[in-house]
Amino acid sequence: MLLAFDVGNTNIVLGAYKGKKLLNSWRFATDKSKSSDEYGMLIHQLFEYEGLCIKDVEDVIISSVVPPIMYTLEHTSFKYFNKEAIVIGPGIKTGMNIKYDNPKQVGADRIVNAVAAYEKYGGPLVIVDFGTATTFCAISKKGEYLGGTIAPGIKISSEALFHHAAKLPRVELVKPGKVICKNTVNSMQSGMIYGYVGLVDYIVHRMKEELGCPNTKVIATGGLAGLIMSEAQTIDEIDKLLTLEGLRIIYDRNKA
Ligand SMILES: Nc1ncnc2c1ncn2[C@@H]1O[C@H](COP(=O)(O)OP(=O)(O)O)[C@@H](O)[C@H]1O
Ligand SMILES: CC(C)(COP(=O)(O)O)[C@@H](O)C(=O)NCCC(=O)O
Ligand SMILES: [K+]
């Protein structure tokens, strides 16, 4: 069994694979104050609950954009699974040519998403990941990682609005139905959701222009993808498990 960790700034998504088959996946908070034993026990309990056996874990692979938590997770891997974790970074074959000024700068999650999406859908492609930040990545027809855009995430944007304006409350991220709203809560929801839909459609539109291909496939992933997908016109498909799938593919490429 392969244990795959996708460590984002808000959540860790954990997947257990038997070969190509995802047996189970879990989502828990990225908590830098948790110890390696706490993570070990958490995973132990999740496994027990699903009737899985810790001893069946043959390898651990981690993609992370949160460097301060890595010592803890690598230690968890060593202590509870007896494995040195494979960490996405220098020395790991991804099979993707990274056309960033400094390839080491690209978030590991973005590369892992790109690998999975290219394998699954072919190029050219745009991938939109609605996480703590919203990232847009462009992949060429030949499968090169061309770069992209980083925008503030929906949840942190709405938190900023609440924190910086005395009369604005914290609101639930749901569609208010109309753009012309008649109360504070709905007005904020309109600004967040419809404003964000505009951001997404505009960036994707510009990316397709720069790629020179109007038929570019657009795949969305991340915790908040569903909310925007229902309204945005440029997103073709949601693929919630893209990052885990990318980790499984990269694992197979490095084992072969
Ligand atoms: N299933 C969900 N439904 C609603 N909101 C979610 C869900 N999963 C995650 N979120 C929220 O979406 C945001 C991004 O989550 P996530 O994709 O896990 O981010 P990251 O990859 O940066 O850790 C967070 O603010 C989180 O609270
Ligand atoms: C842009 C990100 C913060 C997104 O992270 P997430 O929202 O998934 O937590 C992450 O991919 C990152 O730290 N990237 C490094 C900078 C770059 O990709 O150029
Ligand atoms: K992510």
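First listed ligand is number 1; within each ligand, the first listed atom is number 1.
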Subset of ligand 2 atoms that lie under 4.0 Å from at least one heavy atom of T135: 1 (C), 4 (C)
Candidate list I62, L247, N254, test side chain to side chain contact (heavy atoms under 4.5 Å, CB included), partner I88, passing option: L247
What do you reckon, does T10 have a nitrogen or oxygen under 3.5 Å from a nitrogen or oxygen of ligand 2? no
Classify the ring geometry of W26 against F47: parallel below 30°, tilted from 30° to 60°, perpendicular beyond 60°. parallel
Counting heavy atoms only, which of G223, G226, G107 comes nearest to atom 3 (N) of ligand 1? G223
When you look for heavy atoms under 4.0 Å from ligand 2, do you find them on the side chain of Q105, its backbone, both, or neither? backbone
Pick whichever of I150, T243, V65 has a heavy atom sitting closest to atom 13 (O) of ligand 2. V65
Using distance alone, decide if ligand 2 has a nitrogen or oxygen within less than 3.5 Å of any nitrogen or oxygen in V106. no
Does even one non-hydrogen atom of L224 get within less than 4.0 Å of ligand 1? yes
Show the atoms of ligand 1 that are less than 4.0 angstrom away from any heavy atom in K155. 25 (O), 27 (O)
For the residue pair A220 and F130, what are the closest heavy atoms and their distance? CB-CE1, 4.0 Å
In chain order, what residues pass the side-chain contact (heavy atoms from CB on, under 4.5 Å) check against E48, with sequence neighbours excluded? H44
Determine yes or no for a side-chain-to-main-chain donor-acceptor pair under 3.5 angstrom, with T221 supplying the side chain and D239 the backbone. yes
Of all the atoms in ligand 2, which lie at a distance below 4.0 Å from a heavy atom belonging to T132? 7 (O), 9 (O)
Sub-4.0 Å atoms of ligand 2 with respect to non-hydrogen atoms of G107: 11 (O), 14 (N), 15 (C), 17 (C), 18 (O)
For S36 and L73, indicate whether the former's side chain and the latter's backbone hold a donor-acceptor pair under 3.5 Å. no
At under 4.0 Å between heavy atoms, what of D109 touches ligand 2? The answer is side chain
Sidechain-backbone polar pair: Y118 side chain, L125 backbone, donor-acceptor under 3.5 Å: no
Mark yes or no for whether Q45, through its side chain, and L42, through its backbone, hold a donor-acceptor pair below 3.5 Å. no
Is the backbone of A85 close enough, under 3.5 Å, to the side chain of E74 for a donor and an acceptor to pair up by distance? no
Within ligand 1, which atoms have a heavy atom of T132 less than 4.0 Å away? 14 (C), 19 (O), 20 (P), 22 (O), 23 (O)
As a check for students: among N9, V7, N113, identify the option with a heavy atom nearest to atom 6 (P) of ligand 2. N9
